[in-house]
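What follows is one structure encoded as structure tokens, with my remarks underneath.
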Amino acid sequence: MRSFMLVIISSLLFKQMSIILADVGTASSYGPPYIPTACDGNRRQQFPPGNIFVAVNEGLWDNGAACGRRYRVRCVSGINKPCKGGSSIDVKVVDSITCTKSSCPHTFHMSTEAFAAISRFPNANINVEYIQI
């Protein structure tokens, strides 16, 4: 019985630790045209199936080393409860965010399809948790 309780407690602690390991940021949606990108220019083959991809801010961009990285992104909050049931989506980095006054605060600009998978509102600004996978 004691070892069973230890397994349960360890499992719960591990689950809590995995939540702590996620980073927090913001995201918005962006639509076509998606090319050229900073990663692979005009190559359409760079986009994953279903157009589930993102552009990342300067902090994640890492002088282009982010190209092809994958992140698991989950909507956690926003104005008028935009999140779709706490689900997450796995996205691929294909571009960097071109900084304008309104876009600089965002961690991710998500393709229309990727954003629609986690947010009920296409023009929302959402708070996200993310982890590199």
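Computed from a predicted model, the values in this text were never measured in an experiment.
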Next on the checklist: Does either side chain, that of S111 or that of N51, offer a donor lying less than 3.5 Å from an acceptor on the other one?
Outcome noted: no

Checklist entry - Can you hop from I118 to F53 via hydrophobic side chains spaced under 4.5 Å? => result no

Next on the checklist: Pair R69, Q132 - check side chain to side chain contact (heavy atoms under 4.5 Å, CB included), show working.
Outcome noted: CA-CA 7 Å; R69 282 186 188 155; Q132 186 176 343; 3.6 Å; yes

Item to check | Side-chain donor/acceptor of D23 to backbone N/O of Y130, under 3.5 Å | outcome: no

Next on the checklist: Less than 4.0 angstrom from a charged side-chain N to a carboxylate O is my criterion; do D90 and R72 meet it?
Outcome noted: yes

Item to check | Side chain to side chain, I52 and E113, heavy atoms closer than 4.5 Å | outcome: yes

Checklist entry - Within the side chain of K84, is there an N or O that forms a donor-acceptor pair under 3.5 Å with the backbone of A116? => result yes

Checklist entry - Between N57 and H106, is any side-chain donor less than 3.5 angstrom from a side-chain acceptor? => result no

Item to check | Short side-chain donor-acceptor distance under 3.5 Å, T112 and Y34 | outcome: yes

Next on the checklist: Please report whether the ring centroid of F115 lies less than 6.0 Å from that of Y30.
Outcome noted: no

Checklist entry - Within the side chain of R74, is there an N or O that forms a donor-acceptor pair under 3.5 Å with the backbone of I89? => result no

Item to check | Side chains of Q46 and T37, donor plus acceptor under 3.5 Å | outcome: yes

Item to check | Side-chain donor or acceptor of T107 paired with backbone N/O of T26 under 3.5 Å | outcome: yes

Checklist entry - Are M110 and V91 side-chain neighbours, meaning at least one heavy-atom pair lies under 4.5 Å? => result yes

Item to check | Gap between atom CD1 of I97 and atom OG of S28 - 0.5 Å precision | outcome: 6.5 Å

